[in-house]
Amino acid sequence: MFPLLPKAFEGIERIGVIGWGSQAPAQAQNLKDSLKEAGADIKVTIGLRDGSSSWDQAKEVGFSEDDETLGEMFDVIGKSDLVILLISDAAQAKLYKEIFAAMKKGATLGLSHGFLLGYLDSIGEKFPEDIDVIAVCPKGMGPSVRRLYEQGKEVNGAGINASFGVHQDVSGKATELALGWGVALGSPFMFETTLRSEYTSDIYGERGILLGAVHGIVESLYRRYQRQGMSPEQAFLESSESITGNIVKIISTQGIKAVYDKLNDEDKAIFQTAYSASYKPAKEILQEIYDEVSSGNEIRTVIMHGARIDKYPVGKIDGTDTWKVGEKVRAERDEDNIPLNPFTAGVYVATMMAQIDVLLEQGHPYSEVVNESVIEAVDSLCPYMHYKGIAFMVDNCSFTAKTGSRKWAPRFDYLLDQLAYTAVDNGAPVNQELIKEFENHKVHQAVEECCKLRPSVDISLFAETSTKEIVIQ
């Protein structure tokens, strides 16, 4: 599809990629390579603030002041026909007026997350009416966007799928440009959404099963299994390893229900017990998260956190016994013998299904629901936790994501321990109606169809840079 890119980018002479966080290095390099391959004479320029510590990193991968592919951010914004704004969410909220003022007439604003719209909604403001506003949102971390693109040069179909949306179309060409942008990033398939729907589901999802919930699940199960007599190593194996090394791999290739179908009758009974006890406590938290996001409260929380970040830096989250033991387990890991613990599966799947149901009840389309609750979890994020633990997964994400993950993970940990596991230990009967709803849920067909469309290769993590290098703004 690269030969069609010149037409999609018709009228674009310069693309300004603003920032150097998780997404910017990948998107800038992918765009540069794709446009060159397509024979399009379009300059991709990195825009950074004066004195940015990322300046040298941009130069290391081929961007330079000498050929005008690297410059001060507002200067680059003013010269660009397509401004892809990839600075941190907190910085967007702080600088949006200056950014809008710097954009030239007829330019297009490109976003990879709807946070800025959410912020503008929360303060009663809007984008300038004379510009196109589009979004292409890769469903994975920036390093994966680049790594899978590179793999795609050798393996057809490699890449991170993305959502796209057109918020304002003044020129009449916004949809074509958004699709071209997604193709140039290497997305093997894209689904249409709106910017408002995207930010709601995305911010919600990363606080749920994508990041926060899976963290809380592992912490709570790790302690529970030790209370039942397991060694720390076995407890980690039956909780975290069972999720990242077995459960999510089955979901990725065969669907959610396949996890349940693989169990024997005895293990299915254990799964049902865990699922029945966990679904409602998980859904209670997930509904609260959705309400906080859709009301603008969660966005305000991120802004306030960003304002005090110099005084209270974000600390690492892998210092507990859980993740220290995890380092030992990973060092001795036998990938072929990771267990499928039915209780762990019941808790994890119940939380995933609760998240799906909240999104469906709020009117989100199946394409978005499956991406934000399933595909991004099993194909884009859990591989990071499997490779190097919780901090490597969470801290490779945006400031908004890791802020939310840290905030909500303890809630999942607490409520599952206090409500779900207590119910199991007190002999609460299985809610058979809930199990039937799970078995017959319409989402299973949607997930199974998506399994057929998954990229032809898995994310490779062994060549990734360090967390510190990835997340520098």
Side-chain angles (χ1 to χ4, degrees), residues 18-24 49 52-54 85-99 111-125 137 141-142 195-196 198-216 219 285-320 323 372 376 381 384-385 390-415 467-468 470-473:
I18 311 304
W20 198 257
S22 175
Q23 285 287 332
R49 69 182 188 278
S52 171
S53 59
S54 303
L85 188 63
L86 299 177
I87 59 177
S88 71
D89 294 334
Q92 289 184 33
K94 181 180 180 181
L95 300 173
Y96 73 94
K97 289 183 179 179
E98 292 92 329
I99 292 167
L111 303 167
S112 284
H113 187 13
F115 183 93
L116 182 55
L117 174 61
Y119 178 68
L120 294 177
D121 282 346
S122 73
I123 59 175
E125 295 195 29
C137 309
M141 301 177 188
L195 198 55
R196 187 167 285 108
E198 190 281 331
Y199 87 71
T200 305
S201 61
D202 187 79
I203 296 174
Y204 162 79
E206 60 203 18
R207 282 146 177 75
I209 199 65
L210 303 186
L211 297 172
V214 70
H215 183 186
E219 294 279 9
I285 308 172
L286 288 159
Q287 184 62 60
E288 182 183 354
I289 294 171
Y290 192 92
D291 293 343
E292 289 291 298
V293 173
S294 60
S295 69
N297 286 347
E298 195 68 17
I299 289 172
R300 285 187 282 272
T301 295
V302 174
I303 298 298
M304 289 187 290
H305 192 172
R308 61 178 181 267
I309 194 68
D310 290 340
K311 191 172 183 180
Y312 303 104
V314 175
K316 290 195 72 176
I317 52 174
D318 58 359
T320 64
W323 306 104
E372 297 294 354
E376 195 165 353
L381 293 169
Y384 278 74
M385 189 164 83
I390 189 66
F392 191 70
M393 177 178 73
V394 170
D395 290 337
N396 269 314
C397 293
S398 69
F399 178 75
T400 299
K402 60 188 179 184
T403 296
S405 178
R406 284 166 167 80
K407 175 181 175 181
W408 291 97
R411 290 290 305 283
F412 284 98
D413 183 347
Y414 179 82
L415 276 194
T467 300
K468 181 178 179 182
I470 291 168
V471 300
I472 284 177
Q473 295 293 337

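Only heavy atoms go into these numbers, but all of them, side chains included; no hydrogens, no water, no symmetry mates. FYI, the numbering just counts along the sequence from 1. As the structure is a prediction and not an experimental result, all values here were calculated from the model.
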Shortest non-hydrogen contact from [X] toward [Y]:
{"X": "Leu86", "Y": "Ala24", "answer": "CD1-CA, 3.5 Å"}
{"X": "Val302", "Y": "Phe399", "answer": "O-CE2, 3.7 Å"}
{"X": "Arg411", "Y": "Ile285", "answer": "O-CD1, 3.5 Å"}
{"X": "Leu85", "Y": "Gln92", "answer": "O-NE2, 3.6 Å"}
{"X": "Tyr199", "Y": "Val293", "answer": "O-CG1, 4.3 Å"}
{"X": "Asp413", "Y": "Glu219", "answer": "OD2-CB, 3.5 Å"}

Neighbour count >12 (heavy atoms, 6.0 Å) for atom OH, Tyr414: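 It does not: Tyr414 OH has 12 such atoms or fewer within range.
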
As an exercise, state the distance from [atom1] of [X] to [atom2] of [Y], rounded to the nearest 0.5 Å.
{"X": "Glu376", "Y": "Glu206", "atom1": "CD", "atom2": "CD", "answer": "8.0 Å"}
{"X": "Thr400", "Y": "Asp202", "atom1": "OG1", "atom2": "CG", "answer": "9.0 Å"}
{"X": "Thr403", "Y": "Met304", "atom1": "OG1", "atom2": "CE", "answer": "11.5 Å"}
{"X": "Ile99", "Y": "Leu116", "atom1": "CD1", "atom2": "CG", "answer": "7.5 Å"}
{"X": "Ile203", "Y": "Glu292", "atom1": "CD1", "atom2": "CD", "answer": "12.0 Å"}
{"X": "Cys137", "Y": "Gln23", "atom1": "SG", "atom2": "CD", "answer": "9.0 Å"}

Selection residues 295-315 - residue pairs positive for salt bridge (Lys or Arg N to Asp or Glu O under 4.0 Å), sequence neighbours left out: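 Passing the test, one end in residues 295-315: Arg207-Glu298, Glu298-Lys407.
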
Non-neighbouring partners of Tyr204 that pass ring pair (Phe, Tyr, Trp, His ring centres under 6.0 Å), sequence neighbours left out: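 Tyr204 satisfies ring pair (Phe, Tyr, Trp, His ring centres under 6.0 Å) with Tyr290 only.
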
Derivation and outcome, side-chain contact (heavy atoms from CB on, under 4.5 Å), residues Met141 and Cys397: CA-CA 6 Å; Met141 301 177 188; Cys397 293; 3.6 Å; yes

State, yes or no, whether a side-chain contact exists between [X] and [Y] at a heavy-atom distance under 4.5 Å.
{"X": "Tyr384", "Y": "Asp395", "answer": "no"}
{"X": "Phe115", "Y": "Ile303", "answer": "yes"}
{"X": "His305", "Y": "Arg406", "answer": "no"}
{"X": "Glu198", "Y": "Leu117", "answer": "no"}

Just jot down the side-chain contact (heavy atoms from CB on, under 4.5 Å) partners of [X], sequence neighbours excluded, or say none.
{"X": "Ser405", "answer": "Leu211, Val394"}
{"X": "Asp318", "answer": "Lys316, Trp323, Ile390, Ala391"}
{"X": "Ala90", "answer": "Ser88"}

Main-chain N/O of Ser398 paired with Ser22 side-chain donor or acceptor, under 3.5 Å: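 No, because the side chain of Ser22 does not come within donor-acceptor range (under 3.5 Å) of the backbone of Ser398.
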
side-chain contact (heavy atoms from CB on, under 4.5 Å) partner of Met393, chosen from Leu210, Leu381, Ile317: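 Answer after filtering Leu210, Leu381, Ile317: Leu381.
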
For Thr301, all residues meeting side chain to side chain donor-acceptor pair (under 3.5 Å), sequence neighbours excluded: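 Once residues adjacent in sequence are excluded, Thr301 has no partner under the side chain to side chain donor-acceptor pair (under 3.5 Å) criterion.
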
